[in-house]
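Take a look at the structure set out below.
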Amino acid sequence: MSKKFYCFARNGALALALLLAGSASAFAQTTVTGTVTDVDTGEALPGANVVVLGTMLGAATDANGRYTIAGVSAGTHTLEATFVGFETLRRVVSVGGAETTVDFALTFSSTGMAALEVFASRAVERRTPVAYSNVDKIQVQRELGSQDVPLVLNTTPSVYASAAGGGAGDSRINVRGFNQRNVAIMINGVPVNDMENGWVYWSNWDGVGDATSSIQLQRGLSAVNLATPSIGGTMNILTDPASIGRQAKIKQEMGNDGFLKTSVFANTGLINNKFAVSLAGVRKTADGYYDGTWTDAWAYYGAISYQVNAKNRLDFFAVGAPQRHGQNLYKQNLMAYDPVYAAEVFKEDGRGQNTIDGAQDKFWTDKNYAGRRFNENASEYPASLGTTQNNGFGTIDRHETCTIAGEEVGCGNERENFFHKPQINLNWYSQLSQKLLLSTVVYYSGGKGGGTGYLGSMGWDYSGPSRVIDFQSTYDRNVANSNGSRGILRNSHNVQDTWGAISKLKINVNE
């Protein structure tokens, strides 16, 4: 009996010894130390983080770029080093003994420079005392469609945007009750408000919606770096940088009233880890919902990115939209649209019944006679007067036909807009050190075009719901007048040539 007991005890001691040995091996710990430096300069990166993935262990580097992580179990581990503005680096190492040394040399990241964000004067959450709303690319693609850019902001607080007269690119935006003359509009950090009156003509930026990366609307006065009219607010539009992915895409959009829009996109992808090009072209035509509000437009967008070295990067952007379109003034004759409703308005204004009857006698009495598509700026242009016109810059083909009162007729519109306003940016980002970022943009924003309207005494056609120009009778009167033309279509011209530069030095003092 005792013999059996002795054997049991001896075997138990052996098992215990093996268990303790295994436990000692399993719980053997070591210390991991090393440095984190810049791969190009060899300079230490203080404040970099090194962690042992899959554990709660990690440490930050000191002023000399050194770190120490104690209590790492023996075996194979993956260590990860991160630092703001640099590429994340992982290393798989075998840890054992009293101490293991693992050094990291990080490569500067071009994405760390946040390209266009540098120039856009954008508010940052919990850091900028400005009321603002952000609209990302997904929301723009989902909600904007083929509308003008401001219309995607209608769901943000304190903003009202409308298509105004209904012509392509004639939208307007109001922020906090101020019209867009008092709203600073910036594209890639460059102001686009008219230099004379602060106005923004969205037909000049018809292609921006397809290339928009994000939009931020700041309400009220904000920290804009330029003397722009930002009493109502500031609208910052960032376009897509050159894509690092290779892609080609064609998008076709169709809609009512002859709307047809074709967009072509092409990205080369990253070439030799340094160079990338993205290009886009747009062709848009439409008859327009309102009579005579046709559209004949092109748009283009280009982005080129070049990583000079780990600390310097160049970005080139070009955007423009040469276009022509017929316009519908937003102030129209109410009686022409709905005599019954107009009579109600006249009564509320205190007008007598005789005045109302007199006004209605000049128009058709059927309240549905005109329809909402009526445009008193559009009328038939006889073929006998020719198919070309001079806009002051040269002779161009007249827009062939318009849909007026549901019929295709020769297109005569006293209000036509034509303009091309390209904007070209060259951005340079230089990371002088881990705490100093110098960013400079040199930009050009030109423009040439104008708009039409009548001048002098015109011949008028009063047979419809509201008077419209009778082009034939106007021509006949001009020919018959020995002293020259009595009434003409005039062109206003706007020629711009703007150059500028913006430079910023960003200093990160500490966290």
Side-chain angles (χ1 to χ4, degrees), residues 85 108-122 149 184-196 198 200-201 204-205 207-208 211-216 222-230 234-244 268 270-271 274-280 299-322 419-433 436-449 494-507:
F108 184 77
S109 171
S110 59
T111 58
M113 290 185 285
L116 299 171
E117 297 275 356
V118 177
F119 299 111
S121 303
R122 289 163 75 89
V149 174
I185 310 297
M186 307 179 79
I187 298 178
N188 294 339
V190 175
V192 299
N193 296 75
D194 188 275
M195 300 296 287
E196 290 184 311
V200 177
Y201 303 94
N204 299 332
W205 311 107
V208 169
T212 294
S213 174
S214 66
I215 303 173
Q216 183 179 93
S222 56
V224 179
N225 298 304
L226 301 170
T228 51
S230 58
T234 302
M235 181 177 174
N236 291 311
I237 302 174
L238 296 187
T239 59
D240 292 322
S243 175
I244 62 174
T268 64
L270 195 59
I271 302 174
K274 282 184 172 292
F275 190 74
V277 178
S278 293
L279 299 174
Y300 58 87
Y301 175 74
I304 303 175
S305 180
Y306 178 62
Q307 190 72 37
V308 181
N309 52 44
K311 295 294 185 70
N312 292 274
R313 169 176 156 186
L314 294 174
D315 281 340
F316 174 84
F317 298 92
V319 61
F419 212 82
H420 179 207
K421 183 180 174 65
Q423 178 177 302
I424 300 173
N425 295 16
L426 178 61
N427 298 359
W428 171 39
Y429 313 91
S430 181
Q431 191 79 31
L432 302 178
S433 70
L436 293 177
L437 172 62
L438 176 64
S439 52
T440 302
V441 56
V442 178
Y443 65 89
Y444 164 75
S445 180
K448 185 174 77 170
N494 188 331
V495 180
Q496 305 172 8
D497 188 17
T498 305
W499 296 82
I502 306 171
S503 191
K504 295 183 181 181
L505 179 65
K506 182 178 180 180
I507 304 175

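Residue numbers count from 1 along this sequence. For the numbers below, each heavy atom of this structure counts, side chains included, while hydrogens, waters and symmetry mates do not. From a predicted model like this one, the values you see are computed outputs, not experimental measurements.
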Show the nearest heavy-atom pair for residues [X] and [Y], with the distance to one decimal.
X      : Y      : answer
Gly198 : Asn193 : O-ND2, 2.9 Å
Lys274 : Val308 : NZ-O, 3.0 Å
His420 : Gly320 : NE2-CA, 4.4 Å
Lys421 : Val192 : CE-O, 4.1 Å
Pro322 : Tyr300 : CD-CE2, 3.9 Å
Ser305 : Asp315 : OG-OD1, 2.9 Å

Is it the case that the side chain of [X] and the backbone of [Y] share a donor-acceptor pair, with hydrogens and angles ignored and the cut-off at 3.5 Å?
X      : Y      : answer
Lys448 : Phe419 : no
Ser278 : Ala303 : no
Asn236 : Met186 : no

(request) Give me the one residue out of Thr234, Val200, Val190 that meets side-chain contact (heavy atoms from CB on, under 4.5 Å) with Ile185. (result) Val200
(message) Tell me which one of Asn188, Leu426, Ile502, Ile187 satisfies side-chain contact (heavy atoms from CB on, under 4.5 Å) with Tyr443.
(response)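 Checked Asn188, Leu426, Ile502, Ile187 against Tyr443; only one passes side-chain contact (heavy atoms from CB on, under 4.5 Å): Ile502.
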(message) Which label fits Tyr306 and Phe275: parallel for a plane angle under 30°, tilted from 30 to 60°, or perpendicular past 60°?
(response) perpendicular
(message) Once you measure the plane-to-plane angle for Tyr444 and Trp499, does it fall in the parallel (<30°), tilted (30-60°) or perpendicular (>60°) bin?
(response) tilted
(message) Is any side-chain heavy atom of Val277 closer than 4.5 Å to one of Ile271?
(response) no
(request) Would you indicate whether the side-chain heavy atoms of Ser439 and Asn427 approach each other to under 4.5 Å? (result)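 They are not in side-chain contact.
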(message) Determine whether Leu505 and Leu432 satisfy the following criterion, side chain to side chain contact (heavy atoms under 4.5 Å, CB included), listing intermediate values before the conclusion.
(response) CA-CA 10 Å; Leu505 179 65; Leu432 302 178; 4.2 Å; yes
(message) Could you measure the distance from the CH2 atom of Trp205 to the OG1 atom of Thr212? Nearest 0.5 Å is fine.
(response)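 Output value for this atom pair is 11.5 Å.
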(request) Give, for atom CD of Gln423 and atom OG1 of Thr239, the distance between the pair rounded to the nearest 0.5 Å. (result) 8.5 Å
